[in-house]
Amino acid sequence: DQQVKQNSPSLSVQEGRISILNCDYTNSMFDYFLWYKKYPAEGPTFLISISSIKDKNEDGRFTVFLNKSAKHLSLHIVPSQPGDSAVYFCALVFGNEKLTFGTGTRLTIIP
Amino acid sequence: DVKVTQSSRYLVKRTGEKVFLECVQDMDHENMFWYRQDPGLGLRLIYFSYDVKMKEKGDIPEGYSVSREKKERFSLILESASTNQTSMYLCASSLAPDSYEQYFGPGTRLTVT
């Protein structure tokens with residue numbers, strides 16, 4: 001049973017517009033949340049994170065929002081750039097360092 | 001800069017062969033992990049290790065084993081490869097105990113025929 005779901009396998013966004021990637025989870029015990037970005041033929045790289053005591057964390061063009069009551073995590077990228085085209089995974093932590101990854105969303109930025 | 005390297009980018013093996021996937025990290029990280037990535041399933045944890053000679057099962061350990069004889073090296077072993085183990089295998093490391101950020105290698109695309 002998938003504890004972490006990214007319901008949109010793919011997303012296309014015009015360059016300069018906002019990209020919103022979503023992640024839903026079932027276990028309310030998760031206490032730390034991360035987003036990773038993966039280019040083809042490369043390993044995932046860490047992008048941004050948020051702890052369960054916050055509801056928003058911002059880093060440049062990237063903002064992560066956490067809605068604990070809805071068990072929902074989202075990543076906003078604004079403005080979107082062609083280099084943002086990649087697969088994005090949310091990853092959740094409970095207790096120890098073991099990450100539980102989502103299924104991934106392929107983001108394509110259209111020039 | 002953290003570097004995680006994996007011994008092969010592409011590997012083709014036959015059913016029943018014993019397969020070794022090697023991973024080395026150069027940042028003295030305590031923790032190391034093996035994942036497989038499959039379309040529609042994301043990254044799933046196979047095994048991880050918090051210290052030399054220690055190992056813990058992840059979510060899908062069946063058909064795999066691991067070895068960690070040195071801190072910098074973590075090996076994934078497929079004792080008898082099967083076609084359903086065709087996948088992208090990713091190794092990662094992290095600095096314990098407070099860091100959740102994991103650093104990944106480039107991956108090994110394994111095809112079992």
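Just the heavy atoms: all of them, side chains too, but no hydrogens, waters or symmetry mates, feed the values below. Lettering follows sequence order; numbering is per chain, from 1.
- Other residues, nucleotides and ligands place more than 12 heavy atoms under 6.0 Å from the CZ atom of A:Arg61.
- In this structure, A:Leu21 is a member of the same hydrophobic cluster as A:Val13, with clusters built from ILVMFWY side-chain heavy atoms closer than 4.5 Å.
- Linking ILVMFWY side-chain heavy atoms closer than 4.5 Å, directly or via other members, places B:Tyr47 and B:Met88 in two distinct hydrophobic clusters.
- Rounding to the nearest 0.5 Å gives a distance of 9.0 Å between CZ of A:Phe101 and CG of B:Leu90.
- Between A:Lys98 and B:Phe48, the shortest heavy-atom contact is CD-CE2, 4.0 Å.
- Both B:Phe74 and B:Ile60 are assigned to one and the same hydrophobic cluster, defined by single-linkage of ILVMFWY side chains at heavy-atom distances under 4.5 Å.
- Residue-level contacts of residues 70-80 of chain A with chain B do not occur; threshold 4.5 Å between heavy atoms.
- Heavy atoms closer than 4.5 Å to chain A are found nowhere in B:Arg44, neither backbone nor side chain.
- More than 12 heavy-atom neighbours from other residues, nucleotides or ligands sit within 6.0 angstrom of CZ on B:Arg9.
- B:Gln37 touches chain A through its side chain: at least one heavy atom from C-beta onward sits under 4.5 Å away, while N, CA, C and O do not.
- Among the residues in residues 30-54 of chain A, those with a non-hydrogen atom closer than 4.5 angstrom to a non-hydrogen atom of chain B are A:Tyr32, A:Leu34, A:Tyr36, A:Lys38, A:Ala41, A:Glu42, A:Gly43, A:Pro44, A:Phe46.
- The CG atom of A:Leu99 sits 10.0 Å away from atom CD of B:Glu101, with the distance rounded to the nearest 0.5 Å.
- No continuous path of ILVMFWY side-chain contacts below 4.5 Å connects B:Tyr103 to B:Leu76, so the two sit in separate hydrophobic clusters.
- Between the CG atom of B:Leu43 and the OG1 atom of A:Thr103 there is a distance of 10.5 Å, given to the nearest 0.5 Å.
- Residue B:Trp34 is grouped with residue B:Met32 when hydrophobic side chains (ILVMFWY) are merged at heavy-atom distances under 4.5 angstrom, including chains of intermediate members.
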